[in-house]
Amino acid sequence: MRQWLLKITEYAERLLADLEGLDWPEHLKQMQREWIGRSEGADVRFPVGDDHEFTVFTTRPDTLFGATFCVLAPEHPLVAAITTDAQRADVEAYIEKTARRSERDRMADIKTKSGVFTGAYATNPVDGRQVPIWIADYVLITYGSGAIMAVPGQDQRDWDFAKAFDLPIIRTVQPPEDFDGEAFEGDGPAVNSGFLDGMEVTEAKAAMIAWLEEQGRGEGRVTYRLRDWLFSRQRYWGEPFPILHRENGDLVPVADAELPVRLPEVESYKPTGTGESPLAAVADWVETTDPSDGARALRETNTMPQWAGSCWYYLRFVDPHNTQAFCDPEKEKQWLPVDVYVGGVEHAVLHLLYARFWHKVLFDLGLVSTPEPFQRLVNQGMILCPSYREAENTPYLRIDDVEIRDGTPIVKATGKPAYSVVEKMSKSKKNVINPDEIIQEYGADTLRLYILFMGPPDADKLWDRSGIQGVYRFLNKAWRMLCGTDRHPASELTDAPAEGEARHALHTAIAGTTADMESLAYNTAISKLMVLLNAMGDLDPLPREMATAFLSMLAPFAPHAAEAMWETLGGEGFASLAPWPTHDESALQTATEDYAVQVNGKVRGKLTVAADAPDEAILTAAKALPNVSEHLTGHTLVKEMVVRGRLVVLAVK
RNA sequence: GCGGGAGUAGCCCAACUGGCAAGAGGCGCCUGCCUCAGAAGCAGGUUGUUGUGAGUUCGAAUCUCACCUCCCGUACCA
């Protein structure tokens, strides 16, 4: 079947290199790097007799003198041609056996090497030695050239194979004296390697590549694990490829004026079972003409996968009603790249790599102005929960079938301890917490506030409802203070501005909460609101500006409660639409400042001085502290410094 | 195996670029107030070898190295 591929490999290098400038979690960048899988090395051609030749890819051209055999993937096209009659039966049996073996099987026993000798020999291009050619399933047809040169001295897999089939081993890198392993994959001077002898690995690689190129027997090459992207599907739903097949076999794109190609109305859009797209059966849609000359033509019937939409939807969000272009270039310049993209780690290598690729293609076409779509990316963590089973690998139990006795989960039915693992919530694991129950008991605001308060957004967290009480009390306290209850009147409000400590508390909270919001540190932002509320509790009357600022900042975390309180207080409009409070820098300062006095890194005293006291005065006062002077006498002062607003550093000998 | 992240109080977690006797907040626990009593509330109190060992530094939770444990990813990729 002919399929459409997108040539993402063409962008492999840029997709890799441009990761460096992105503000993404390291583990995610790493996953993309591994997915792209760049390897630097060389292609080396091995002649087989006078008529044949195959190419191997190696990352270690420096070890070519140690290549004592070659291995082809069982599916390699050359296998049939070079296998000797004596070996043919064995080779064919092995190929058949491999074909039957599932991926899973192949991976299960990585330790055991299997393979068969083809009876043929290849010429090692570096010294003309004849080396046997084997086939084995540890060589994958899908990677590199599907053929390797085996260097058992420097590669553990080759070592294992050589040992299993009694093939020769030559060391070409000198291991250190205390090396007691098998294959030596580390760095060291080349040995048994002719013109490379004595060179370190890096130097030897370069020298060998230069020699191969000069001799015309190979060349330096970079290989990627990333493969081209199969982009066609045989189903009804999906964007049709806008392509016409002319009778002479030419493929022509549908003219811009004819776009988009719309799907025909059909009775059945079920798969045909023939492998062909359901669209192929819609004759009056498929059969058309090429408008350029009226010649008969057939429409392409494959459709695109959902990626065709998800790869660039964010660009459409910028200008969703534009009928002329996917978005106005001015708007694109204004909004892109996306400032913060929040999503699950499951998108790490598919969606996030594909969208980057499309964006780069658009960038190269001059249709977008940045080479990368998502500048900052955050992966939210998952809430984890214990799951229970009677034992490992037995079916999962419902949480109700287990009870906790003295901290140990016990299976109710058997009275025996349960096998418990903390893992991602999942229906199949029966460890899902239903938020409805929490909402019933505490309300949606409490749940939301608590989830945010549990820890940093990017950390996985163990579900533990014991802390809910804390945020529930916090909301109740705010309500009591601002709206009052039957038993407890609301605090009296004043329009007078906050003064002194209250002012300091307010502005410290605004500054801190705002900064935490920017960095997505919601857990600490909430704790700062708790501090502010506690400070408000000591005030009678309570300055209205404090209540207002508090509610504005509470609104993102507990929207319902915040709006209700806002309304009770007679606030205009919505708390969530009111301007975010801003802090006054001068209110953050205090008249006096506390200093810790360190002698040789240990705090020996505390000091409170006027905020504008000069360094000299602070040092003098610090040295005069009894416990400090005690640690100074009899020693030579070698260093003294003041860290403004924090501490005095004294070092003695 | 390789790669990434984490390890701070009984528990969840803070600690800005190394700098306040290790602490913001919450849970739990204890005491007191309030109450007929409980719940709720209020006030106060409570605990440490910052995973282990070394190094750098006047000074390390923070930087470096080694090791341990857990989580995530990946795996015959030549």
Side-chain angles (χ1 to χ4, degrees), chain A residues 25-31 33-35 37-39 41 56-60 63 71 73 106-107 109-113 136-140 142-151 154-158 160-161 223-225 345 348-349 379 381-382 384 407 422-424 450 453-456 458-474 476-477 480 485 487-488 512 515 519 521 523-531 533-534 537 593-607 627 637-641 643 645-653:
Chain A
E26 189 54 36
H27 71 104
L28 211 140
K29 288 192 192 180
Q30 197 56 33
M31 283 170 76
R33 285 187 199 110
E34 281 166 13
W35 192 261
R38 181 182 200 275
S39 290
V56 305
F57 173 71
T58 176
T59 56
R60 294 294 303 276
T63 63
V71 185
R106 278 210 204 184
M107 275 161 59
D109 56 354
I110 265 169
K111 292 267 156 60
T112 356
K113 291 278 181 286
D137 66 2
Y138 83 95
V139 175
L140 310 173
T142 49
Y143 184 77
S145 56
I148 62 161
M149 62 181 214
V151 187
Q154 267 66 234
D155 184 291
Q156 189 61 43
R157 294 158 302 178
D158 297 344
D160 294 341
F161 195 85
T223 295
Y224 300 91
R225 207 186 76 123
V345 70
V349 283
N379 275 147
M382 285 181 288
L384 309 178
V422 170
E423 53 191 340
K424 164 172 151 179
Y450 180 56
F453 186 61
M454 283 174 77
D458 57 352
D460 285 344
K461 279 147 286 201
L462 176 63
W463 175 254
D464 168 20
R465 54 178 289 163
S466 64
I468 289 189
Q469 280 294 340
V471 289
Y472 187 59
R473 283 180 192 140
F474 164 69
N476 282 326
K477 185 173 179 174
R480 240 186 354 260
T485 62
R487 303 254 198 108
H488 197 290
S519 58
N523 53 328
T524 52
I526 292 166
S527 93
K528 282 170 180 117
L529 293 179
M530 288 173 169
V531 173
L533 186 69
N534 285 336
E593 284 176 331
D594 294 334
Y595 283 84
V597 182
Q598 286 184 348
V599 181
N600 285 356
K602 292 230 177 348
V603 177
R604 299 298 184 186
K606 297 238 175 174
L607 194 61
N627 195 30
L637 191 64
V638 293
K639 186 171 188 173
E640 55 178 27
M641 63 184 281
V643 181
R646 290 191 197 168
L647 80 163
V648 178
V649 174
L650 300 170
V652 297
K653 260 187 189 163

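All values below were derived from every heavy atom in this structure, side-chain atoms included, with hydrogens, water molecules and symmetry-related copies excluded. In what follows, chains carry the letters A, B, and so on, assigned in the order in which the sequence lines appear, proteins first and then strands, with residues in each chain numbered from 1. For clarity, every value in this text was computed on a predicted model and none was experimentally measured.
The gap from the P atom of B/rC20 to that of B/rA15 amounts to 14 Å, rounded to the nearest Å. B/rU64 and B/rU56 have their C1' atoms separated by 7 Å, with the value rounded to a whole Å. B/rA14 and B/rA61 have their C1' atoms separated by 12 Å, given to the nearest Å. As rounded to the nearest Å, B/rG23 and B/rA66 have C1' atoms that lie 30 Å from one another. Distance check on atom P: B/rA60 versus B/rU50 gives 12 Å, rounded to whole Å. Nucleotides B/rC11 and B/rG51 place their P atoms 13 Å apart, quoted to the nearest Å. B/rG18 sits 16 Å from B/rC65 when the P atoms are compared, rounded to a whole Å. Rounded to a whole angstrom, the distance from the P atom of B/rG32 to that of B/rA37 is 13 Å.
Here B/rU35 sits opposite no nucleotide as a Watson-Crick or G-U wobble pair (both hydrogen-bonding atom distances under 3.5 Å). With a cut-off of 3.5 Å on both pairing distances, B/rG48 has no Watson-Crick or G-U wobble partner at all. With a 3.5 Å ceiling on both atom-pair distances, the Watson-Crick or G-U wobble partner of B/rG3 is B/rC72. Of all nucleotides present, none satisfies the Watson-Crick or G-U wobble test against B/rG59 with each distance under 3.5 Å. Nucleotide B/rC13: paired with B/rG23 (Watson-Crick or G-U wobble, both distances less than 3.5 Å). Look at B/rA54: its Watson-Crick or wobble partner, with both distances under 3.5 angstrom, is B/rU64.
Neither OP1 nor OP2 of B/rC13 sits under 4.0 Å from any side-chain N or O of A/Thr524. Put simply, A/Lys528 has no side-chain N or O that comes within less than 4.0 Å of OP1 or OP2 on B/rG25. A/Tyr595 has no side-chain polar atom (N or O) that falls below the 4.0 Å cut-off from OP1 or OP2 of B/rC20. For A/Arg225, no side-chain nitrogen or oxygen approaches OP1 or OP2 of B/rU74 to under 4.0 Å. The shortest distance between the side-chain N/O atoms of A/Asn523 and the OP1/OP2 oxygens of B/rA14 is below 4.0 Å.
The distance from atom CZ of A/Arg33 to atom CD of A/Glu26, rounded to the nearest 0.5 Å, is 5.0 Å. In this structure, CD1 in A/Ile148 is found 4.5 Å from CG in A/Asp158, a value given to the nearest 0.5 Å. Going from atom CG of A/Asn627 over to atom NZ of A/Lys602 covers 13.0 Å, rounded to the nearest 0.5 Å.
Nearest to the side chain of A/Asn600, among B/rC58, B/rG73, B/rG19, sits B/rC58. The side chain of A/His27 sits closest to B/rG4 out of B/rG4, B/rA14, B/rC11. Residue A/Leu647 has its side chain nearest to B/rG19 when only B/rC16, B/rG19, B/rG25 are considered. Among B/rG26, B/rA14, B/rC42, the nucleotide with an atom closest to any side-chain atom of A/Phe453 is B/rG26. Comparing B/rG25, B/rG41, B/rA78 against the side chain of A/Thr59 picks out B/rA78 as the nearest. Of the candidates B/rG26, B/rC20, B/rA78, B/rG26 carries the atom nearest the A/Met530 side chain, counting heavy atoms from C-beta on. The side chain of A/Glu26 sits closest to B/rG4 out of B/rA24, B/rC42, B/rG4. For A/Val603, counting side-chain heavy atoms from C-beta on, the closest listed nucleotide (B/rG5, B/rA21, B/rG19) is B/rA21. Taking the side chain of A/Glu34 as heavy atoms from C-beta on, and the options B/rG73, B/rA78, B/rG4, the nearest nucleotide is B/rG73. You'll find that the side chain of A/Gln598 is closest to B/rC20, out of B/rC20, B/rG41, B/rC11.
Counting only heavy atoms from C-beta outward, the side chains of A/Asp464 and A/Met454 never approach each other to under 4.5 Å. Between A/His27 and A/Asn379 there is a side-chain heavy-atom pair separated by less than 4.5 Å. Between A/Leu533 and A/Lys477, some side-chain heavy-atom pair lies under the 4.5 Å cut-off.
Using a 4.0 Å heavy-atom criterion, one finds that A/Arg33 contacts no nucleic acid atom at all. If you check every strand for non-hydrogen atoms under 4.0 Å, A/Val649 touches a base. In this structure, A/Lys461 reaches the sugar-phosphate backbone alone: every heavy-atom distance under 4.0 Å involves primed, P, OP1 or OP2 atoms, never a base. Nucleic acid contact class of A/Lys29 (heavy atoms, under 4.0 Å, all strands): none. Using a 4.0 Å heavy-atom cutoff across all strands shown, A/Pro25 reaches no nucleic acid atom at all.
Among all heavy-atom pairs drawn from A/Lys461 and A/Pro456, the shortest one is NZ-O, 2.7 Å.
Between the side chain of A/Asn600 and the main chain of A/Val652, a donor-acceptor pair closer than 3.5 Å is present. The backbone N or O of A/Gly381 sits nowhere less than 3.5 Å from a side-chain atom of A/Asp460 that would complete a donor-acceptor pair.
For the pair A/Leu607 CG and B/rC20 P, the computed distance is 16 Å after rounding to whole Å. If you take CE of A/Met382 and P of B/rG5, they are 17 Å apart, rounded to a whole angstrom. If you measure from atom CD1 of A/Ile526 to atom P of B/rG26, you get 13 Å, rounded to the nearest angstrom. Atom NZ of A/Lys113 is separated from atom C1' of B/rA78 by 12 Å (rounded to the nearest Å). Atom C1' of nucleotide B/rU74 and atom CG of A/Leu28 are separated by 14 Å, given to the nearest angstrom. Nucleotide B/rG19 holds its P atom 18 Å from the CG atom of A/Leu650, rounded to whole Å. Rounded to whole Å, the distance from CD on A/Gln30 to C1' on B/rA6 is 17 Å. Remark: P of B/rA78 and CD of A/Gln156 are 15 Å apart, rounded to the nearest angstrom.
Along RNA chain B, the nucleotide nearest A/Ala147 and the nucleotide nearest A/Asn627 are compared for position; the residue whose nucleotide lies closer to the 5' end is A/Asn627.
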Using a cutoff of under 3.5 Å, can you pull out all pairs of nitrogen or oxygen atoms linking the protein to nucleotides 27-30 of chain B, with atom names and distances?
unit_1: B/rC27; atom_1: OP1; unit_2: A/Arg473; atom_2: NH1; d: 2.4
unit_1: B/rC27; atom_1: O2'; unit_2: A/Ser466; atom_2: O; d: 3.3
unit_1: B/rG28; atom_1: OP2; unit_2: A/Arg473; atom_2: NH1; d: 3.4

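Ring geometry for A/Tyr143 versus A/Phe57: interplanar angle over 60°, hence perpendicular rather than tilted (30 to 60°).
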